[in-house]
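Following: one structure in structure tokens, then a few remarks.
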Amino acid sequence: MPVYQYEDTRNGSVVELEKPVAERDSVPGYLKRFQVPQRLSLVGVGEPLDNPLGVNQTNLMKGYYRQEQKLGSRFKSRYTPDSIKRAAAKRS
């Protein structure tokens, strides 16, 4: 669930509230939502830092594995194994 930042118009402080998107504007009248948040946090999107393959290569391989499981022998990548390895090495 997203965290939204609001300015308290009574004293100028910043308030952070965790709300569903549909309810982000259902707050007391003295709170004004920032259109652009002052900071951005991403939670649960990374791999452990001790991952020897790196985040990008692991996610790339997970994506290919999912496609192979979904499509079986019909799955054909338009990329060669060497080009995939080079792309993963550049992003790591």
Between Tyr30 and Arg10, which heavy-atom pair has the shortest distance, and what is it?
CE1-NH2, 3.2 Å
List the steps, then state whether side chain to side chain contact (heavy atoms under 4.5 Å, CB included) holds for Leu31 with Asp8.
CA-CA 5 Å; Leu31 292 179; Asp8 187 336; 4.0 Å; yes
Heavy-atom nearest pair, Tyr6 first then Phe34, reads C-CE1, 3.8 Å
Do Asp82 and Thr80 pair up side chain to side chain, a donor and an acceptor below 3.5 Å, judged on atom types alone?
no
Residues clustered with Val3, ILVMFWY side-chain links under 4.5 angstrom:
none
Salt bridge (charged side-chain N to carboxylate O under 4.0 Å, His left out) against Glu68, all qualifying residues, sequence neighbours excluded:
none
Check: residues 14-24 side-chain donor-acceptor pairs under 3.5 Å, at least two apart:
| from | atom 1 | to | atom 2 | distance (Å) |
| --- | --- | --- | --- | --- |
| Glu16 | OE1 | Arg39 | NH2 | 3.1 |
| Glu16 | OE2 | Gln5 | NE2 | 3.0 |
| Glu16 | OE2 | Arg39 | NE | 3.1 |
| Glu16 | OE2 | Arg39 | NH2 | 3.0 |

Minimal heavy-atom distance between Arg33 and Tyr4, with the atoms involved, is CD-CD2, 3.9 Å
